[in-house]
Number of protein chains: 2
Amino acid sequence: MRQKRIRGERTTLLDVANKAGVSAITVSRALREPDRVSEELRERILKVVAETGYVPDFAARALASRHNGIVCALIPEVSSLAVMNIIHGIEARLQDTDLRIQYANAWRDADKEKRQLELFLSQHPAGILMAGGQNQQIIVDLILGAKCPVVHMIDINLTALGTVVGSDHCTAAKVAIRHLLDCRYRRIAILGAGVDLRVQRRLEGYRVTLEEEGLYDPQLVMMLPEATSVPLGCRMLRETMESHPDVDAVFCLNDDLALGAYFECKRRGMRVPEDFGICGYNDVNFAAVAEPPLTTVRIPRYDMGYRAADLLIRQINGEKAAHQSIDLGFQLMVRGTTRDTA
Amino acid sequence: MRQKRIRGERTTLLDVANKAGVSAITVSRALREPDRVSEELRERILKVVAETGYVPDFAARALASRHNGIVCALIPEVSSLAVMNIIHGIEARLQDTDLRIQYANAWRDADKEKRQLELFLSQHPAGILMAGGQNQQIIVDLILGAKCPVVHMIDINLTALGTVVGSDHCTAAKVAIRHLLDCRYRRIAILGAGVDLRVQRRLEGYRVTLEEEGLYDPQLVMMLPEATSVPLGCRMLRETMESHPDVDAVFCLNDDLALGAYFECKRRGMRVPEDFGICGYNDVNFAAVAEPPLTTVRIPRYDMGYRAADLLIRQINGEKAAHQSIDLGFQLMVRGTTRDTA
DNA sequence: CTGTTAGCGCGTTCAT
DNA sequence: ATGAACGCGCTAACAG
């Protein structure tokens with residue numbers, strides 16, 4: 001009986017096998033496919049596993065089986081409220097699965113996004129989940145070469161990227177702008193940050209709708225590459241009002257920006273919603289409880305994460321991707337930062 | 001010359017080696033330690049690498065080298081503003097390093113924390129970073145068994161857990177409470193959520209300080225296990241005021257709770273800071289720009305992440321851990337939600 | 001500076 | 001239901 005363990009390393013499958021008096025593969029099976037091992041052996045093996053504190057080596061498992069049981073999620077920026085709900089949804093679905101999940105930041109940067117995607121791919125992940133995306137072409141290339149399923153949550157219309165779960169951000173923006181128009185706001189600026197494919201779609205909805213009314217003014221578009229945040233919302237509103245004092249409403253492409261815009265309005269003594277309207281996007285958790293509560297576009301992000309994870313799991317389990325795209329819709333939440341419609 | 005490539009798999013090191021007419025190890029070296037390969041060979045090899053689009057297999061690399069070049073970070077909840085700064089700091093330090101980072105949620109749950117730590121360990125990470133922690137004993141056990149360096153950012157006094165970068169949360173809380181007392185608030189409630197080791201330390205500082213003044217009342221302590229959030233802050237303030245209408249200030253263990261508490265105060269017509277004081281914790285990005293701006297305790301979280309990553313890198317590179325703990329201090333930011341001191 | 005040999009720990013395949 | 005042999009792709013250790 002070969003006993004290697006030259007160095008005081010951690011317990012391996014072989015150690016467990018030796019101690020239990022069976023072969024390595026039987027231990028492996030007892031752990032992964034309990035049904036294929038007799039009850040007697042299984043019990044004996046599990047006992048040794050518990051005693052020795054054996055933990056499978058994922059690197060070895062990944063190398064041998066061609067997938068490491070980990071779902072990798074590429075997120076524009078993990079620390080944001082909008083993403084939080086998606087993550088909750090994903091983990092809810094992965095609960096009680098033998099899959100695990102890990103995240104990485106893409107930082108809304110095409111280059112970092114690419115490198116991270118490559119890093120993921122090089123680890124034999126069970127699958128990849130993408131929320132957001134910068135460069136469509138790069139993503140397509142990498143995804144086509146991937147040997148694991150990929151599901152993304154960018155925009156329902158980007159089916160070129162493979163399976164997608166999400167909403168139509170262009171239409172959602174159109175509805176939001178319609179609402180602001182219905183409230184009789186006329187000089188509507190748009191504030192966006194962390195520009196990615198989704199943000200671009202929202203901008204398009206804004207432009208198209210205002211053009212229809214002959215109210216589109218490219219000067220009122222402010223798009224910054226940096227990450228969205230409350231302080232940035234303050235700054236953007238301030239700059240907007242200083243260069244265009246006649247603006248009477250802002251469509252903020254994220255609720256953080258909207259909250260920042262609101263604080264700044266308050267500071268400047270502007271009356272919201274009477275003289276100035278604010279519409280956010282996402283309906284993150286503080287939107288409904290702010291004072292005044294924030295008018296915003298609700299995107300079902302929890303469901304998005306859940307469904308995306310669900311689709312991914314099905315594909316991991318060999319199911320053919322039935323739906324190439326699932327539209328979860330959106331909902332305009334009319335609250336306190338826009339005045340009553342006429 | 002052995003040409004396997006039976007299946008249409010991806011390019012391997014051997015493929016590159018064959019094409020370049022060298023051995024596998026030389027390609028490996030050309031990629032990892034360029035200096036040890038002659039310039040001529042290196043150029044030839046890198047050319048083939050580029051042509052074939054070769055990407056290293058991290059699972060194989062991890063198995064062979066006993067570490068996969070990935071720093072794993074265990075975070076209580078990745079989607080929170082407080083964590084955002086830490087993450088920025090970490091990634092700033094890891095920038096231009098050949099290390100990469102990935103995150104996982106511990107969900108402020110001892111069991112999940114343990115499982116995730118095991119999962120990390122089983123992947124041969126280059127190192128582990130922990131922000132927050134639930135169960136000291138479990139963590140100690142796992143960390144002692146780890147064969148990679150571990151640095152945590154829980155509380156400066158928890159040196160039992162190994163290398164630590166952070167602040168003294170107990171003292172910070174004492175200073176905050178002192179400030180509230182100086183502002184002549186007397187019935188000070190404490191609102192906390194997502195209770196973990198750090199939150200417990202803050203609670204201790206609160207208790208000790210009020211006990212000294214004979215003002216401690218356990219009824220005014222509200223600690224919830226669920227995650228901190230703005231809506232939760234609203235709810236906790238509401239419940240506090242309903243059961244103890246005489247409370248005249250709250251110490252919120254996170255700024256989200258403080259913002260929620262403020263919104264609720266505004267809704268209830270309470271005057272902040274004249275009749276009611278609010279002090280937050282962390283000084284997340286919205287604190288300074290809120291209207292009124294939020295009095296809070298600033299923890300240097302960006303530096304924390306940066307220094308923690310720095311220490312980890314040093315240990316990965318074989319340096320002995322010189323400092324076992326680095327105290328980054330804290331700072332009370334007196335702003336608009338507490339009235340002037342007497 | 002470069003190559004050879006020998007695994008890393010596990011799962012797959014094919015026997016039994 | 002269990003096991004033997006082999007290989008996954010790469011790097012450490014040692015040679016030359």
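In what follows, every chain begins at residue 1, and chains take the letters A, B, ... in the order their sequences are listed. From a predicted model like this one, the values you see are computed outputs, not experimental measurements.
As judged by a 4.0 angstrom heavy-atom cut-off over every strand, B/Leu13 is placed among the base-contacting residues. No engagement by A/Asp35 is indicated, since no non-hydrogen atom pair under 4.0 Å with the nucleic acid exists. In this structure, B/Phe58 reaches neither bases nor backbone, as no heavy-atom distance under 4.0 Å exists between it and the strands shown.
A salt bridge does not link A/Glu43 to A/Lys47: none of the charged nitrogens lies less than 4.0 Å from a carboxylate oxygen.
Comparing B/Arg29 and B/Tyr54 by the nucleotide of DNA chain D that holds the closest heavy atom to each, the one mapping nearer the 5' end is B/Tyr54. Each of A/Arg32 and B/Leu63 lies near DNA chain C, and the nucleotide nearest B/Leu63 is the one positioned closer to the 5' end. Residue-to-nucleotide proximity on DNA chain C shows that, of A/Pro56 and B/Glu39, the 5′-proximal contact is made by B/Glu39. Both B/Ala64 and A/Ser65 lie close to DNA chain D; mapped to their nearest nucleotides by heavy-atom distance, the more 5′-ward contact belongs to A/Ser65.
The closest side-chain donor-acceptor pair between A/Gln123 and B/Gln102 falls under 3.5 angstrom.
The CG-P distance, from A/Leu14 to C/dC8, rounds to 9 Å in whole Å. Regarding A/Ile25, its CD1 atom lies at a distance of 12 Å from the C1' atom of C/dC14, rounded to whole Å. Computed from coordinates, the A/Arg36 CZ to C/dA15 C1' distance equals 13 Å when rounded to whole Å. A straight line from NE2 of B/His124 to C1' of D/dC10 spans 13 Å, rounded to a whole angstrom. What separates CD of B/Glu33 from P of C/dT2 is a distance of 13 Å, to the nearest Å.
Using a 4.0 Å cut-off, no side-chain N or O of B/Thr12 falls inside it from OP1 or OP2 of D/dG9.
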